Amino acid sequence: MRPLLFLLCFVLCMAGCEPGAPPLGPPEPPDAGGTSLAYTVDRYDFAFDLTTREAASRLWLNVEADAPGCVSLPARAEVTDVRWGGTPAGGFRVADGRMEACGTTPPDGPLWLDSRVVIPEATTPYTQVGFSRRLDIQARPFTYLLGWVESCDLFGPCDTAAGRLAHFTFDITHAPGAMVLCPGSLSRRDETHTRCELLGTRAPTYSAFMVASHPAWVRTRLVDTDVGRVELYEPPGGLLGPALDAGAVADFLAWMTARFGSLPYGPELRVASGPTEWLGMEHPANIVLRDNLPLLPKSYANMTLHTLMHEIVHQWAGDRTTLASAEDYPWKEAVAEYLTYVFEDEHRSDEAATTLAYWDRLARTSSYHLRPRDTPAPPFLSFVNDIYGTGPMILLVQLESLLGRPQVMAGLQAFLAEPGVRSLEDLRRALEAASGKNLQRYFDTWVDGAGEPDWPYFQVEWSREDALKLTVTQRTQTGKVYPCEVELELQGDAPEERRRVTVSYGLEPESATARLTVPGVDWTVRQVVVDPRNRLVNRRSLGLAREPAPHAWRL
């Protein structure tokens with residue numbers, strides 16, 4: 001997902017149920033008095049009326065056979081009509097945000113639980129999570145049911161825990177002729193009913209709970225290739241279609257499938273526009289983009305294309321392979337940003353430089369580490385909004401310099417090779433296996449920490465004897481020494497007097513000071529620019545070192 005934080009937005013993922021994952025049991029026995037039954041949710045059948053907001057859910061649970069007891073699931077207090085395998089539950093209550101239902105499980109086959117709830121037209125603060133109707137620029141209503149991390153209980157009983165993947169079906173009742181999208185394969189039963197089935201590759205609840213509708217959407221074919229089709233759903237006069245280079249989208253789709261396999265949720269990818277809070281959000285086989293993307297300030301060189309490519313990556317990194325826990329959110333966004341950047345660098349090089357500059361600008365003002373160890377933990381919305389610069393820079397771009405891009409890409413291919421859940425530790429191990437390097441020190445210094453990050457800045461001194469000698473010293477408030485590679489640009493008086501060199505501290509630095517002899521520089525060095533290509537998270541601590549004079553304006 002891409003969010004809007006003043007200029008931009010963000011997004012995240014969570015999960016449902018996965019084969020082989022440990023069963024989830026309630027934290028405490030329910031008050032109904034029965035034994036707590038461990039379970040995993042294998043499938044959600046969700047029926048929803050867009051007009052009345054009435055929702056009916058059926059959850060298929062894998063449980064111990066022929067066992068008396070109770071299951072406990074997160075749920076709204078308004079849940080009603082709870083049925084256990086088709087009959088009224090032997091015991092039932094909703095309290096403290098959990099639904100507790102009791103009975104005896106079937107002797108064979110799964111247990112299914114039915115319930116009903118009326119979903120309010122409301123969203124959680126600072127997000128569009130929930131159910132909303134918003135008018136677009138032409139005063140036409142865009143309807144959006146949107147789940148997010150640990151929020152699927154907004155729509156009925158649901159296992160909100162991260163690290164679960166499940167199957168889904170959606171039966172949507174709507175106004176005659178309305179265009180409706182939902183995850184998985186899509187079919188229209190008649191003028192007022194749309195059905196979607198997500199019964200192949202499993203998906204996380206954070207992105208799979210989605211229904212979107214717009215009365216004026218027109219479907220057009222944006223891409224039609226051997227590796228997939230991209231259908232654009234946009235009203236007449238929409239801004240996204242004219243802003244998107246269909247050839248670039250096709251090239252990116254081919255690039256991704258060549259490295260990570262076919263589209264996880266079938267050959268058709270639906271891209272829809274709407275007046276959304278976030279720039280974009282990934283849903284299985286669907287992407288929803290903010291309808292005025294082409295008009296927003298250009299944080300990226302091509303805001304619309306970059307955002308779409310980012311959300312396409314999430315079909316693999318976030319949907320098919322998802323988060324082991326909420327704290328693992330950074331890898332999902334980092335991978336989506338990084339792979340978009342690599343494609344830009346290889347095929348649209350002018351755009352890649354803008355992407356790095358934007359990430360670097362975000363990273364310099366980050367308030368949290370990628371894996372915060374603060375007590376209490378930071379507000380989740382603040383934390384996830386803070387990682388769009390540091391995430392791709394620290395987890396991947398900086399490691400390109402230390403390991404090499406081929407090794408980083410090989411690590412990501414292994415990391416995303418199979419459906420399931422992955423953690424930041426899994427990413428570290430995948431990168432270590434691909435490179436043969438130990439990254440524990442790197443993760444300890446760059447990824448983990450409490451309080452505001454103490455990113456390094458670099459003091460550069462130089463002298464000339466037989467050759468130019470550089471002394472580069474890391475400066476931090478805490479004295480921490482970061483594994484990294486630092487690029488420097490030497491500048492003289494004339495425009496042609498430029499030279500880029502690299503100083504490496506390696507993965508196990510022993511000193512904050514590194515030295516380099518640079519032969520062949522026969523002109524006077526007037527200034528040294530640290531990190532001229534924005535590939536390293538660094539910032540100067542005010543008052544501790546002089547910075548060189550800024551570049552003169554060039555017109």
Side-chain angles (χ1 to χ4, degrees), residues 1 11-24 39-44 59-62 110 147-150 152 158-170 182-185 196-210 227-228 253 256-269 281-287 310-326 328-336 338-339 409-431 433-434:
M1 165 229 261
V11 139
L12 171 60
C13 308
M14 285 305 272
C17 164
E18 180 197 4
L24 174 69
Y39 62 83
T40 55
V41 183
D42 182 67
R43 172 170 157 172
Y44 295 85
L59 278 59
W60 298 83
L61 276 62
N62 290 320
W148 201 44
V149 181
E150 299 180 344
C152 61
C158 186
D159 177 359
T160 59
R164 301 289 192 271
L165 297 163
H167 298 302
F168 298 83
T169 68
F170 297 85
C182 42
S185 63
C196 293
E197 295 184 348
L198 193 59
L199 301 176
T201 304
R202 294 172 183 263
T205 57
Y206 91 88
S207 61
F209 272 99
M210 163 266 187
V227 300
L253 204 58
M256 280 295 299
T257 54
R259 287 156 181 79
F260 300 98
S262 59
L263 279 165
Y265 299 101
E268 181 175 282
L269 182 62
M281 175 67 191
E282 73 276 12
H283 305 287
N286 296 266
I287 290 168
H310 173 109
E311 303 305 335
I312 288 174
V313 174
H314 278 317
Q315 297 294 303
W316 290 267
D319 283 341
R320 185 181 72 170
T321 303
T322 197
L323 311 177
S325 70
D328 297 307
Y329 177 86
W331 79 248
K332 178 183 79 84
E333 299 305 325
V335 170
Y338 174 75
L339 291 176
M409 289 294 293
L412 289 181
Q413 286 176 296
F415 182 70
L416 298 174
E418 299 293 335
V421 296
R422 302 288 184 274
S423 66
L424 283 167
E425 284 302 290
D426 292 326
L427 178 61
R428 177 181 63 81
R429 287 189 284 265
L431 293 169

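Remember, predicted model here, so these are calculated numbers, not experimental data.
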Do His314 and Glu333 have side-chain atoms, one donor and one acceptor, less than 3.5 Å apart? yes
Report yes if the side chains of Asn286 and Tyr265 come closer than 4.5 Å at any heavy-atom pair, otherwise no. no
I want to check something: taking the side chain as every heavy atom from C-beta on, are Asp159 and Thr205 in contact at a cut-off of under 4.5 Å? no
Is the closest side-chain heavy-atom distance between Thr160 and Cys152 below 4.5 Å? yes
How close do Cys196 and Pro183 get, heavy atom to heavy atom, and via which atoms? CB-O, 3.0 Å
Looking at CG of Asp319 and CG of Leu198, how far apart are the two atoms once the value is rounded to the nearest 0.5 Å? 9.0 Å
Arg320 side, atom CZ; Gln315 side, atom CD - distance, nearest 0.5 Å: 10.5 Å
To the closest 0.5 Å, what do you measure between CZ (Arg43) and CG (Leu61)? 13.0 Å
Side chains of Val227 and Leu263 in contact at under 4.5 Å (non-hydrogen atoms): no
Parallel, tilted or perpendicular: which describes the rings of Phe260 and Trp316, with under 30° parallel and over 60° perpendicular? tilted
Sub-4.5 Å side-chain heavy-atom contact between Trp331 and Asp426: no
Using the rule given for side chain to side chain contact (heavy atoms under 4.5 Å, CB included), can you reason through Met256 versus Val313, listing the C-alpha separation, both sets of side-chain angles and the distance that settles it, and then say yes or no? CA-CA 8 Å; Met256 280 295 299; Val313 174; 4.0 Å; yes
May I ask you to decide if Ser207's main-chain N or O and His283's side chain share a donor-acceptor pair within less than 3.5 Å? yes
Could you tell me the separation between the CG atom of Leu323 and the CD atom of Glu150, rounded to the nearest 0.5 Å? 10.0 Å
So, Glu311 side chain and Glu282 main chain: donor-acceptor pair closer than 3.5 Å or not? yes
Does the side chain of Arg422 reach to within under 4.5 Å of the side chain of Asp328, using non-hydrogen atoms? no
With a 4.5 Å heavy-atom cut-off, do Thr169 and Leu199 have their side chains touching? yes
Do you know which of Phe170, Trp60, Phe209 makes ring-ring contact (aromatic ring centres under 6.0 Å, His included) with Tyr44? Phe209
Quick check against the 3.5 Å criterion: does Gln413 have a side-chain atom that pairs as donor or acceptor with the backbone of Arg259? yes
Could you give the distance from CD1 (Ile287) to CG (Leu269), rounded to the nearest 0.5 Å? 4.5 Å
Side chains of Glu418 and Thr321 in contact at under 4.5 Å (non-hydrogen atoms): no
